[in-house]
Number of protein chains: 2
Amino acid sequence: MQVADELFYARGLHAVGIDEIIAKSGAAKATLYAHFPTKDDLIAAYLQQRSAAWRDYLDTTLATYTDRPRERIDAIFRVLADRCGAADFRGCPFVNAAAEYPDPRHPARLVVAAQRQWVRGLFRDAAREARLRQPEALADQLVLLYDSALVGSHLMGTAKPATRAREAARVLVAAGGTKSR
Amino acid sequence: MQVADELFYARGLHAVGIDEIIAKSGAAKATLYAHFPTKDDLIAAYLQQRSAAWRDYLDTTLATYTDRPRERIDAIFRVLADRCGAADFRGCPFVNAAAEYPDPRHPARLVVAAQRQWVRGLFRDAAREARLRQPEALADQLVLLYDSALVGSHLMGTAKPATRAREAARVLVAAGGTKSR
DNA sequence: ACAATCAGACAGACCTGTCTGTATATATGC
DNA sequence: GCATATATACAGACAGGTCTGTCTGATTGT
């Protein structure tokens with residue numbers, strides 16, 4: 001599973017075949033299929049694991065901001081920028097998976113959708129706790145910036161877009177979720 | 001080429017094979033390979049064509065805003081939201097391609113990079129002409145929102161993220177490219 | 001003994017790219 | 001106008017590799 005995780009993230013879901021995962025992990029094919037009946041199941045499990053790991057990490061990091069929702073929002077973007085600057089960063093595994101699997105009913109897409117709900121929940125809760133006007137609209141906008149930090153940093157090959165997203169998020173939070181003009 | 005365009009966009013680059021394109025287009029394999037020596041060449045051509053078409057469309061649409069740079073920025077997001085609401089919308093072909101081809105030197109990625117440079121140029125030029133403070137930083141932020149409109153609308157299956165991106169862009173433009181606080 | 005895993009062969013489908021001979025459209029020369 | 005040459009496209013077979021998933025018999029761990 002660890003090998004699949006690395007290969008899928010680094011190279012793409014279609015680009016990595018079962019045989020390569022097996023060769024690199026040392027597992028037997030029958031064992032892999034015993035645990036994951038199809039490749040789609042393996043992919044969904046890979047995404048689920050990524051989702052769970054990211055959630056755990058963010059939950060832990062944000063725990064110190066429980067009573068400071070505005071700073072919590074900024075912290076999310078700080079953590080994100082750190083992630084985007086990591087040596088193995090290759091974009092958002094969820095966005096990447098959605099690009100490769102257009103069908104919203106695909107098992108991978110279900111994991112992606114759930115993950116996005118969770119992220120949006122982070123922002124919505126923080127916006128509410130900060131008593132910002134229109135927390136729902138602001139949450140939506142912050143999710144946009146979250147996405148774009150990941151996508152932009154991937155495409156540009158630097159973490160600069162994540163930094164920019166963080167700055168933009170500050171502007172939006174400062175504006176309090178107002179629809180401009 | 002038209003068939004390849006539709007299939008690649010709708011289903012993904014790896015998911016569509018040469019034989020399927022041939023079967024659906026009525027062309028002979030030898031003809032296809034006469035025009036495009038490898039599948040990668042075909043993919044790059046597909047993206048190039050998408051890029052050129054989008055540029056032409058945006059250039060035409062924005063021509064009426066030549067002397068109104070602020071409104072031009074908003075118009076970009078309006079056009080984008082229209083696109084995201086189209087029945088055949090399946091995310092950003094360029095972001096999708098980057099997800100499937102991690103190597104920045106891949107032919108597809110070169111087209112993607114050029115396309116992104118062009119988009120950023122649109123925003124930077126408009127920000128300069130509008131005499132906004134920090135046009136470069138603002139352009140970066142607007143590109144982020146542009147990306148996120150596309151990605152978000154794809155993942156959510158509605159054009160609502162594009163609408164939200166437009167609102168956020170207005171906030172950023174109103175703030176004039178300020179780094180918050 | 002049983003459960004889990006392994007090594008590795010297999011099946012059938014699909015993939016990219018190569019090749020041959022044929023067909024069609026167009027241009028050129030007489 | 002007709003014959004010929006050339007350019008372009010076609011039908012389809014082929015090669016070799018890769019893919020996902022199935023299966024068998026053997027091995028290892030508890």
Side-chain angles (χ1 to χ4, degrees), chain A residues 1-50 90 93-94 96-112, chain B residues 1-50 90 93-94 96-112:
Chain A
M1 188 65 222
Q2 159 99 8
V3 168
D5 180 88
E6 286 164 11
L7 288 171
F8 279 152
Y9 183 62
R11 302 253 303 281
L13 305 175
H14 280 99
V16 177
I18 294 285
D19 279 345
E20 189 175 357
I21 292 167
I22 280 159
K24 292 208 168 132
S25 67
K29 193 177 278 193
T31 306
L32 184 71
Y33 278 104
H35 290 274
F36 308 102
T38 65
K39 185 180 177 182
D40 285 346
D41 293 324
L42 179 62
I43 286 168
Y46 147 69
L47 291 168
Q48 189 65 254
Q49 184 177 268
R50 282 256 163 181
R90 228 280 286 174
F94 309 104
N96 291 344
E100 294 206 49
Y101 290 94
D103 182 1
R105 295 159 302 183
H106 189 278
R109 291 294 296 273
L110 302 180
V111 181
V112 171
Chain B
M1 188 67 221
Q2 160 99 5
V3 169
D5 181 86
E6 287 164 13
L7 289 171
F8 280 151
Y9 183 62
R11 304 252 301 283
L13 305 175
H14 281 100
V16 176
I18 293 284
D19 279 345
E20 189 175 358
I21 291 166
I22 280 160
K24 291 204 168 134
S25 67
K29 193 176 279 195
T31 305
L32 185 71
Y33 278 103
H35 289 275
F36 307 103
T38 64
K39 185 180 176 181
D40 285 346
D41 294 322
L42 179 63
I43 286 168
Y46 147 71
L47 291 168
Q48 189 64 253
Q49 183 178 270
R50 282 258 163 179
R90 228 279 285 173
F94 308 106
N96 290 345
E100 293 205 51
Y101 290 95
D103 181 0
R105 295 159 303 183
H106 188 279
R109 290 296 293 274
L110 302 181
V111 181
V112 171

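So you know, we letter chains A, B, ... as the sequences are listed, proteins then strands, and number each from 1.
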Does a salt bridge link B:Glu6 with B:Arg11, judged by any charged N lying under 4.0 Å from a carboxylate O?
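Here B:Glu6 does not pair with B:Arg11 in a salt bridge, since their nearest N and O are not under 4.0 Å apart.
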Cation-pi geometry met for B:Arg50 and B:Phe94 (6.0 Å, 45°)
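No; the conditions do not both hold, so B:Arg50 does not lie above the ring face of B:Phe94.
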Distance in Å, [X] [atom1] paired with [Y] [atom2], rounded so as to fall on 0.5 Å steps:
{"X": "A:Tyr101", "Y": "A:Ile43", "atom1": "OH", "atom2": "CD1", "answer": "3.5 Å"}
{"X": "A:Ser25", "Y": "A:Leu7", "atom1": "OG", "atom2": "CG", "answer": "9.0 Å"}
{"X": "B:Glu100", "Y": "B:Arg109", "atom1": "CD", "atom2": "CZ", "answer": "11.5 Å"}
{"X": "B:Tyr33", "Y": "B:Leu42", "atom1": "OH", "atom2": "CG", "answer": "8.5 Å"}

Starting at atom [atom1] of [X], determine the distance to atom [atom2] of [N], rounded to an integer number of angstrom.
{"X": "A:Lys39", "N": "D:dT18", "atom1": "NZ", "atom2": "C1'", "value": "11 Å"}
{"X": "A:Tyr33", "N": "C:dC10", "atom1": "OH", "atom2": "C1'", "value": "14 Å"}
{"X": "A:Lys29", "N": "C:dC6", "atom1": "NZ", "atom2": "C1'", "value": "13 Å"}
{"X": "B:Leu32", "N": "C:dT16", "atom1": "CG", "atom2": "P", "value": "10 Å"}
{"X": "B:Asp41", "N": "C:dG17", "atom1": "CG", "atom2": "P", "value": "8 Å"}

Can you pull out the residues from residues 12-27 of chain B that lie within a 4.0 Å heavy-atom distance of DNA chain D?
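DNA chain D contact set from residues 12-27 of chain B: B:Gly26, B:Ala27.
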Could you work out which one of C:dT5, D:dT22, C:dT18 sits closest to the side chain of A:His35?
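Of C:dT5, D:dT22, C:dT18, C:dT5 is nearest to the side chain of A:His35.
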What protein N or O atoms touch nucleotides 24-30 of chain D N or O atoms at under 3.5 angstrom, if any, and at what distances?
none

With a 3.5 Å distance limit and no angle check, can you tell me whether B:Asn96 reaches the backbone of B:Arg90 through a side-chain donor-acceptor pair?
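Yes; at least one donor-acceptor contact below 3.5 Å.
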Just N and O in the side chain of A:Thr31: are any of them under 4.0 Å from OP1 or OP2 of C:dA4?
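Answer is no, no contact under 4.0 Å.
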Examine A:His14 together with A:Phe8 and report whether their ring centres are nearer than 6.0 Å.
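No; A:Phe8 has its ring centre 6.0 Å or more from that of A:His14.
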